[in-house]
Structures are given as C-alpha cells and as structure tokens.
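Let me begin by presenting the structure, written as structure tokens, before commenting on it.
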Amino acid sequence: MAHPTLAFIGGGNMAGAIIRGLLRGGWPAAAISVVEPAAEPRERLAAAHPGVRVLAAADATLASAEIVV
C-alpha cells in the first residue's frame, strides 16, 4: 500500500502524537516531514522519530507534500 507524503507545520505535542501513531501503524518515516522553527522541539522530534525529515524552515518538501497538516 502506497502512503501519501505528509508535512506537518509545527512540531508540538499534537504533531508528535500523530506521528507516533502513524509510525506505529506502519507509515514510512521517509514519507513524513515536519517544519518546526524552534530548535528544542525540532531536535526532540528528530531524536524520537529517526527517518522523519525535520526542518527549521519550509522548503520544496512542503510544496511537494500530498497532505499538509
């Protein structure tokens, strides 16, 4: 089953909870990106979810995401 690419704007508690659930459900980490400008939550997300792309600022990844949350 192909999974659409997801991009989250903001990497707070809600995004983290959704990402955890998606990964536990088999969603590939490489299909998930997060744009989080604050260093601490960005680093926490990157450490907790290896393979998820965590960005400090929006780039082409956001424009190419099939779903933006």
Side-chain angles (χ1 to χ4, degrees):
M1 174 180 175
H3 293 87
T5 55
L6 299 172
F8 289 84
I9 299 175
N13 292 332
M14 184 60 68
I18 294 170
I19 291 168
R20 275 190 303 279
L22 290 168
L23 295 173
R24 286 181 187 152
W27 207 283
I32 302 173
S33 298
V34 182
V35 177
E36 175 52 64
E40 185 177 328
R42 187 176 60 245
E43 292 166 4
R44 184 175 50 245
L45 273 170
H49 308 298
V52 171
R53 186 170 180 192
V54 183
L55 309 164
D59 65 5
T61 303
L62 184 61
S64 66
E66 295 171 273
I67 299 171
V68 177
V69 180

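The residues of the chain are indexed from 1 along the displayed sequence.
Residues L62 and I9 have side chains in contact (heavy-atom distance under 4.5 Å, counting atoms from C-beta outward).
A single hydrophobic cluster is not seen to contain both V35 and F8; linkage of ILVMFWY side chains at heavy-atom distances under 4.5 Å, directly or through other members, places them apart. Linking ILVMFWY side-chain heavy atoms closer than 4.5 Å, directly or via other members, places V69 and W27 in a single hydrophobic cluster. When the side chains of ILVMFWY residues are joined at heavy-atom separations under 4.5 Å, either directly or via intervening members, I18 and V68 end up in two distinct hydrophobic clusters.
Within a 6.0 Å radius of CD in E40, other residues, nucleotides and ligands contribute 12 heavy atoms or fewer.
What you find for I67 and P4 is that their closest heavy atoms are CD1-CG, 3.8 Å.
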Under 3.5 Å, side-chain donor or acceptor atoms of residues 41-56 against the rest of the protein: list the pairs with distances, not counting sequence neighbours.
from	atom 1	to	atom 2	distance (Å)
R42	NH1	E36	O	2.9
R42	NH1	P37	O	2.9
R53	NH1	T61	OG1	2.4
R53	NH2	D59	OD2	2.9

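Note that the CG atom of L23 and the CD1 atom of I32 stand 4.5 Å from one another [nearest 0.5 Å].
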